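First comes the structure, then the notes that go with it.
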Number of protein chains: 2
Amino acid sequence: MNIGEASKASGVSAKMIRYYEQIGLIRAVGRTESGYRIYSTTDVETLRFIRRARDLGFSVEEMGTLLALWQDKQRESGDVKRVAMQHVVAIEKRIHELEGMARTLRHLAGHCHGDDRPDCPILDDLAAIAAVEKPAARRPALKGRHRGDIAPA
Amino acid sequence: MNIGEASKASGVSAKMIRYYEQIGLIRAVGRTESGYRIYSTTDVETLRFIRRARDLGFSVEEMGTLLALWQDKQRESGDVKRVAMQHVVAIEKRIHELEGMARTLRHLAGHCHGDDRPDCPILDDLAAIAAVEKPAARRPALKGRHRGDIAPA
DNA sequence: CCTTGACCTTCCAATAATGGGAAGGTCCAT
DNA sequence: ATGGACCTTCCCATTATTGGAAGGTCAAGG
């Protein structure tokens, strides 16, 4: 089947399939005489694996590791579990950070009239001459373009 | 004071201060004859405001909105509260997504021996021929380069 | 006065994962 | 043969941030 069909069957866009091939996450598949990529059901299974891992927030790099382990019938399940748990820890760290932000904002908003008066504790807090703290790691905003977020350092 | 001092006083890197100026988040400050940027304490307060907002996960765009509201003494606190709460909702949505991922992974890991045996439910799940679901919005991984994450569409 | 090191300036590149689109070739059904 | 739906490659944009190169400036010490 061609890339469009493989895309539909796997849930990974054709753009991303080409990208994954380009960066070496998946092997370069065969081509027709006219240059069209040809995918086998095995290839589609791999893509589906990627799709699922991506939905669980694994980065491309982690997916590479998982794919290698998946294809290595001799791997030790401990290796897989380790990768998974590292990811869980990263996710949970991220959750805690976000919870802190949400908590603070909800607290501030709770003290804001939220009406036509200009007085606003939220802005007052943002403007507060507070001590500069730990820089903390920053990640992109959720402008919607990506999917899983969270990856190990 | 020059950009290095303003950076230390605000907790925003010199690189980012220049960037924020470039994209118009902050006004272009004055320069010395030799071209060095000069910052006033007011400028530093603005930078600190930005720093704080950034730590609460606001995107540059949202920071622009908040800054405008902050500097508009006539603003209605309701406008500020709205921006803040929209952000909270986005954060909480993200938290739920991450919790779902963590829950699934913890569950799978719980069924994985995690020893030297090759048998692994985690990989089995990833490879499962599951129905392709909702594509869901994807965001970058937390490779550490950024800070707040979460912004409205 | 000159050197040196710490700063400053601008410009360009890379990051992660994805979408958008252009220019051009292909395939298949009318 | 024509058209529309696909395919191909290539380049660009996105977000927030850091890194580095090349070159100018400043202040302190000699």
Side-chain angles (χ1 to χ4, degrees), chain A residues 1-8 11-26 28-39 50-51 53-64 90 135-153, chain B residues 1-8 11-26 28-39 50-51 53-64 90 135-153:
Chain A
M1 69 185 100
N2 63 28
I3 202 169
E5 294 167 304
S7 170
K8 271 173 205 149
V12 179
S13 73
K15 278 269 190 198
M16 289 313 297
I17 295 177
R18 292 191 197 99
Y19 172 70
Y20 291 146
E21 176 184 309
Q22 188 204 309
I23 62 172
L25 178 63
I26 55 182
V29 297
R31 306 281 187 125
T32 63
E33 282 181 33
S34 54
Y36 283 25
R37 287 176 180 76
I38 308 170
Y39 295 87
I50 287 172
R51 169 66 201 271
R54 201 185 59 172
D55 285 348
L56 285 172
F58 287 100
S59 67
V60 167
E61 194 183 344
E62 288 170 309
M63 287 194 280
R138 180 168 185 79
R139 30 207 112 21
L142 44 76
K143 287 280 180 180
R145 201 184 328 289
H146 317 77
R147 193 155 313 207
D149 191 69
I150 305 277
Chain B
M1 72 184 102
N2 64 28
I3 202 169
E5 294 167 304
S7 170
K8 272 174 204 148
V12 179
S13 74
K15 280 268 188 195
M16 289 312 295
I17 295 175
R18 293 191 197 100
Y19 171 69
Y20 290 145
E21 176 184 309
Q22 188 205 308
I23 62 172
L25 178 63
I26 54 181
V29 297
R31 305 282 188 124
T32 63
E33 284 181 31
S34 54
Y36 282 27
R37 288 177 179 78
I38 307 170
Y39 294 87
I50 287 172
R51 169 65 202 271
R54 202 186 56 172
D55 284 349
L56 286 172
F58 287 101
S59 67
V60 167
E61 193 182 345
E62 287 170 309
M63 288 195 277
R138 181 172 185 81
R139 16 199 125 27
L142 43 77
K143 285 280 180 178
R145 197 187 331 289
H146 317 81
R147 194 154 314 210
D149 193 71
I150 305 282

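First the proteins, then the strands, lettered A, B, ... as listed; each starts at 1. Computed from a predicted structure; not experimentally measured. What you see below is based on every heavy atom in this structure, not just the backbone, and it leaves out hydrogens, waters and symmetry mates.
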Rounded to the nearest 0.5 Å, how far apart are CD1 of B:Ile38 and CE of B:Met1? 11.0 Å
Which heavy atom of B:Ser7 sits nearest a heavy atom of B:Ala14, and at what distance? OG-N, 3.5 Å
Strand-adjacent residues in residues 28-38 of chain B, judged by heavy atoms under 4.0 Å from DNA chain C: B:Arg31, B:Gly35, B:Tyr36, B:Arg37
Chi angles and distances behind the side-chain contact (heavy atoms from CB on, under 4.5 Å) call for A:Arg54, A:Arg51: CA-CA 5 Å; A:Arg54 201 185 59 172; A:Arg51 169 66 201 271; 3.4 Å; yes
Is the shortest side-chain heavy-atom distance between B:Ile26 and B:Ile17 below 4.5 Å? yes
Provide, to the nearest angstrom, the distance between the OH atom belonging to A:Tyr19 and the P atom belonging to D:dC10. 16 Å
At under 4.0 Å, does any side-chain N or O of A:Ser13 touch on OP1 or OP2 of C:dT18? no
Distance test, side-chain N/O of A:Arg54 to OP1/OP2 of C:dA17, below 4.0 Å: no
Passes side-chain contact (heavy atoms from CB on, under 4.5 Å), A:Tyr20 versus A:Val60? Steps please. CA-CA 8 Å; A:Tyr20 291 146; A:Val60 167; 4.0 Å; yes
Nearest whole Å is fine: how far is C:dT10 C1' from B:Ile3 CD1? 12 Å
In whole angstrom, give the distance that lies between atom CG of A:Asn2 and atom P of D:dT8. 8 Å
Return the minimal non-hydrogen interatomic distance between A:Arg37 and A:Tyr39, and the atom names on each side. CD-OH, 3.0 Å
Rounded to whole Å, please give me the gap between NZ in B:Lys15 and P in C:dA13. 13 Å
When rounded to the nearest 0.5 angstrom, what is the spacing between OH in A:Tyr36 and CG in A:Asn2? 8.0 Å
Report the secondary structure of DNA chain D in dot-bracket form, marking unpaired bases with a dot and bases paired to a different strand with |, and treating Watson-Crick or G-U pairs with both distances under 3.5 Å as paired. ||||||||||||||||||||||||||||||
Find the distance A:Arg18:CZ to D:dT9:P and express it as a whole number of Å. 7 Å
Would you kindly give the CD-to-P distance between B:Glu61 and D:dA16, to the nearest whole Å? 8 Å
What is the distance from atom CE of B:Met16 to atom CD of B:Gln22, rounded to the nearest 0.5 Å? 10.0 Å
side-chain contact (heavy atoms from CB on, under 4.5 Å) between B:Ile3 and B:Val29, intermediate numbers included: CA-CA 10 Å; B:Ile3 202 169; B:Val29 297; over 6 Å; no
Considering only heavy side-chain atoms of A:Met16, the closest of D:dC6, C:dT18, D:dT9 is C:dT18
Measure OH/B:Tyr20 against P/D:dT15 and give the value in whole Å, please. 13 Å
Gap between atoms CE and P, on A:Met1 and D:dC7 respectively (whole Å): 12 Å
